[in-house]
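In what follows, every heavy atom counts, from backbone to side chain, and hydrogens, waters and symmetry copies are set aside. Residue numbering restarts at 1 for every chain, and letters A, B, ... go by the order of the sequence lines.
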Protein chains: 2
Amino acid sequence: MNIRELARRSGVSTATVSRALNDRAEVSEATRAKIRRLASELGYAPNEPARTLVRRRSDTIGLVWDSGQEALGQHNPFLLGLLSAVRTALSDADYHLMLLTTPSAEDQDGAHLQAVQRHNLEGVIVLTTPPDDRCLRVLADSTVPCAGIDTAFTGPRTVRVSSDNAAGAEAAVQHLYELGHRRIATVTGPLHLPPAAERLAGYLRACTRLGLSVPPEYVTEGDFFLASGEAAGKRLLAIPDRPTAIFAAGDQMAIGAIHAAADAGLAVPRDLAVVGFDDIDAAALVRPALSTVAQDQRGLGVAAVEALRGLIDATAVDTVQAQPRIIPTRLLIRGSSRPGV
Amino acid sequence: MNIRELARRSGVSTATVSRALNDRAEVSEATRAKIRRLASELGYAPNEPARTLVRRRSDTIGLVWDSGQEALGQHNPFLLGLLSAVRTALSDADYHLMLLTTPSAEDQDGAHLQAVQRHNLEGVIVLTTPPDDRCLRVLADSTVPCAGIDTAFTGPRTVRVSSDNAAGAEAAVQHLYELGHRRIATVTGPLHLPPAAERLAGYLRACTRLGLSVPPEYVTEGDFFLASGEAAGKRLLAIPDRPTAIFAAGDQMAIGAIHAAADAGLAVPRDLAVVGFDDIDAAALVRPALSTVAQDQRGLGVAAVEALRGLIDATAVDTVQAQPRIIPTRLLIRGSSRPGV
DNA sequence: CCGATTGCCGTAAACGTTTCCGATCGGCGG
DNA sequence: CCGCCGATCGGAAACGTTTACGGCAATCGG
């Protein structure tokens, strides 16, 4: 069932059918209705490859995540939510979605760029990928519109959307302060990653604003994984003037810190309050449940497609570097910080 | 840069270029090499829409997951791993991947089927979706090749791949038996879901094989979520002749059972051993770490694309109902069952 | 030496759309 | 009545590939 067949049965030309189904004006309401009815009766669906061939646009955008190595478990937990959010946001905007795969081979740089031009993709959304991906560099350096969620790369037509890491961290510290804590330590992520650095900055800003002293040993670095949080907790709790609260830049590390407290015979939150970041699934499952700074996955998703559409529709003229979109976070207060919950 | 341009620069016809790049035999090695070199120099990439238009196949398969409502948290945790596995398996088989979206509107049944014929998709992989999805029913009833991972629906060209739920449950019970437990209870998932039913069957089979008595109150139903596991645990521990071990058909419920034990003043695993199912991320983060039956996500992924390719390549003749593919599981022994870990 | 075969390549027709360019027709003002 | 205009439609040319078909050498067997 193609457009010619449908045209024949409707007694009109293919041009008219096309116009009718695409809501063009130069068609009478009567014939439009007749064609519509016949189309749905016959189960006609236009052939997208043919459409993109002639229109030279595919209404499809590409999605890349996870860049080869699956490691970097920091993101993994909410990647799925992000993916889901992006998917629905895109389909609401009448875009199709194609998943791109980063090749394992070395010589395959430009694979993403190739995929984009092969399929006439109109843009690409990148999820939480480390910035040192060569395949991605090629893409970002090209003129392909790119929106990166929670990732850091720049390029001619690139926009970054991320959570307000600094403000989130600040809110966490503020929360601990209001609970009465004055000795608040932090365990950070790898500081070369922008989110980790921003969360540390927020922590520091809050401390100075609240007049809290931050001895250098109160700031210790982790790698976003469980074990590093446990080790960091052990270090922090061994300090003579030990902190009464810990803000961890990631939930896994926060849970690790709680383990360290348990090993030291300390009760959470009575002897030590802990706040994490991300709100991974496990945060609600551990005991005590983890207070954490939740990212707005849906918000990130819709902001990304919105920003991407901006880049796509932009005329070549106004290629001022697109402003990054910052999405607010939400503090989730649970048992690991507030007593009696 | 299209094939005509490349042909012009190579001094041959477009037919020859096409043959050269598609590894057809009727081209001399010399010209093939020249064309290859020129193509990569000029950054030529064939236009896929045009190819699919004329070849009438797209080398693309569709992926649908999560069927509208995001609920059913049972799967959520390892859905991401599954997705990743499917993606790499497909790209290894030189397929492209398109994400399908289930529409929110009611009248949009057949949306998936429409998408398939619009884009010339050659098959669809369905991830962990409840069988009562109308949009999916339409798809399964059609002649579109479908592979469903961990889901139950049948249709003319449909194949099911799932973990060996029964054997996994059996192994879990066996493990508890070997640790000396004789009073082993279970908390199941919603029994209308095939995985839940199969896990219960495995539990029962193991018990009869090992000569364990199963009082009816030892079998209690949950909904795969945390709270239901906690409630189930509370019920089980209130039994006069209370079980010393619990096999839960899902990790969240297992963790809930552990919470119930803690509330009852029981130590895990000393007073109560717990084994879960799925190996979600949180399983390794809780304390004690959760023993669980891990699903082989990668195995499920490759089996699904393999099965799907089988369906695609099958001539219309041999449409004997495809055999379901059963993927073995792996028992992960951690602190919640074995003391001293 | 001749007909048939083989290897290599070009011409052109598809594939299913969209859209430019006209054509037709009725109505309208002058 | 004439010319013009707007509304509605059809014809046909694209879009970038693949592939059936045919052609032209060179080779080969006899």
Side-chain angles (χ1 to χ4, degrees), chain A residues 1-40 42-60 94 96 114-122, chain B residues 1-40 42-60 94 96 114-122:
Chain A
M1 174 48 63
N2 57 17
I3 202 179
R4 213 145 27 214
E5 179 72 7
L6 179 56
R8 200 179 55 74
R9 302 221 199 187
S10 312
V12 296
S13 74
T14 65
T16 303
V17 172
S18 174
R19 284 189 277 248
L21 296 181
N22 289 358
D23 280 316
R24 294 244 174 287
E26 321 96 314
V27 131
S28 78
E29 257 331 299
T31 60
R32 182 192 308 274
K34 184 172 64 175
I35 292 173
R36 276 270 163 72
R37 188 170 47 74
L38 233 53
S40 83
L42 300 177
Y44 167 77
N47 184 292
E48 287 293 340
R51 296 189 77 218
T52 66
L53 180 56
V54 59
R55 298 193 321 154
R56 244 150 335 168
R57 50 173 304 189
S58 59
D59 294 331
T60 302
D94 280 321
H96 305 127
Q114 278 240 350
V116 166
Q117 57 189 72
R118 281 168 72 110
H119 296 278
N120 278 74
L121 302 184
E122 305 184 19
Chain B
M1 171 50 61
N2 56 16
I3 202 179
R4 213 146 27 216
E5 179 73 5
L6 179 56
R8 201 179 55 74
R9 301 221 200 188
S10 314
V12 297
S13 75
T14 65
T16 303
V17 172
S18 174
R19 284 189 277 248
L21 296 181
N22 288 359
D23 280 317
R24 294 244 172 289
E26 324 95 312
V27 150
S28 78
E29 255 336 297
T31 59
R32 183 191 307 274
K34 184 172 62 175
I35 291 173
R36 277 268 164 72
R37 188 170 47 74
L38 232 52
S40 83
L42 301 176
Y44 167 76
N47 183 292
E48 288 293 340
R51 296 188 77 219
T52 66
L53 181 56
V54 59
R55 297 193 319 153
R56 251 161 315 182
R57 51 172 303 188
S58 60
D59 294 330
T60 302
D94 280 321
H96 304 128
Q114 279 240 350
V116 166
Q117 57 189 71
R118 282 166 71 108
H119 295 280
N120 279 79
L121 302 185
E122 305 184 18

For D/dG16 and B/Asn47 - does any side-chain N or O of the residue sit under 4.0 Å from the phosphate oxygens OP1/OP2?
no
Closest non-hydrogen atom pair between A/Ser13 and A/Ala7, with its separation
C-CB, 3.7 Å
When rounded to whole Å, the CZ to P distance for the pair B/Arg8 and C/dC9 reads 19 Å
Hey, which sits more toward the 5' end of DNA chain C by its nearest nucleotide, A/Pro46 or B/Arg32?
B/Arg32
Return no unless some side-chain N or O of A/Ser13 is found under 4.0 Å from OP1 or OP2 of D/dC9.
no
Which atom names give the shortest non-hydrogen contact between A/Ala45 and B/Gln114, and what distance separates them?
CB-OE1, 3.9 Å
Letter per nucleotide, 5' to 3', of nucleotides 23-28 of chain D [B base touched, S only sugar-phosphate touched, - untouched; heavy atoms, 4.0 Å]
------
May I have the distance from B/Lys34 (atom NZ) to C/dC8 (atom C1'), rounded to whole angstrom?
13 Å
Salt bridge (Lys or Arg N to Asp or Glu O under 4.0 Å) filter on A/Arg55, not counting sequence neighbours, yields A/Asp59
For A/Glu48, give me all partners under salt bridge (Lys or Arg N to Asp or Glu O under 4.0 Å), at least two apart in sequence or on another chain.
A/Arg51, B/Arg118
Applying side-chain contact (heavy atoms from CB on, under 4.5 Å), can you list everything that pairs with B/Ser18, at least two apart in sequence or on another chain?
B/Ile3, B/Asn22
Whole-Å distance separating the CD1 atom of B/Ile3 from the P atom of D/dC15
14 Å
Please report how far the helix from C/dC1-D/dG30 to C/dG30-D/dC1 bends, comparing the axis fitted to its first five pairs with the axis fitted to its last five, to the nearest 10 degrees.
40°
Determine the minimum heavy-atom distance between B/Thr52 and A/Pro49, stating which atoms define it.
OG1-CB, 3.1 Å
Atom-pair distance (CG on B/Asn2; P on D/dA14), nearest Å:
14 Å
Kindly compute the distance separating OG (B/Ser28) from NZ (B/Lys34), expressed to the nearest 0.5 Å.
8.5 Å
A/Tyr44 side-chain N/O to C/dG16 phosphate OP1/OP2 under 4.0 Å:
no
So if I take residues 48-59 of chain A and measure heavy-atom distances to DNA chain D, which residues fall below 4.0 Å?
A/Leu53, A/Val54, A/Arg56
Identify the heavy atoms of A/Arg36 and A/Leu21 that sit nearest to each other, and give their distance.
NH2-O, 3.8 Å
With sequence neighbours left out, write down each residue that passes side-chain contact (heavy atoms from CB on, under 4.5 Å) with B/Ser10, or none if nothing qualifies.
B/Leu6, B/Val12, B/Ile35, B/Leu38
Partners meeting side-chain contact (heavy atoms from CB on, under 4.5 Å) with A/Arg4 (sequence neighbours left out)
A/Asn2, A/Thr14
Taken in chain and number order and not counting sequence neighbours, the residues that satisfy side-chain contact (heavy atoms from CB on, under 4.5 Å) with B/Ser40 are none
A/Asp94: which residues meet the salt bridge (Lys or Arg N to Asp or Glu O under 4.0 Å) condition with it, sequence neighbours left out?
none
Length of the CD-P vector between A/Glu5 and C/dG16, whole Å:
11 Å
Near-strand residues of residues 18-31 of chain A, defined as heavy-atom separation under 4.0 angstrom from DNA chain C
A/Ser18, A/Arg19, A/Asn22, A/Arg24
Sequence neighbours excluded, which residues qualify as salt bridge (Lys or Arg N to Asp or Glu O under 4.0 Å) partners of B/Glu26?
none
Closest heavy-atom pair and its distance - A/Arg19, A/Arg32:
O-NH1, 3.9 Å
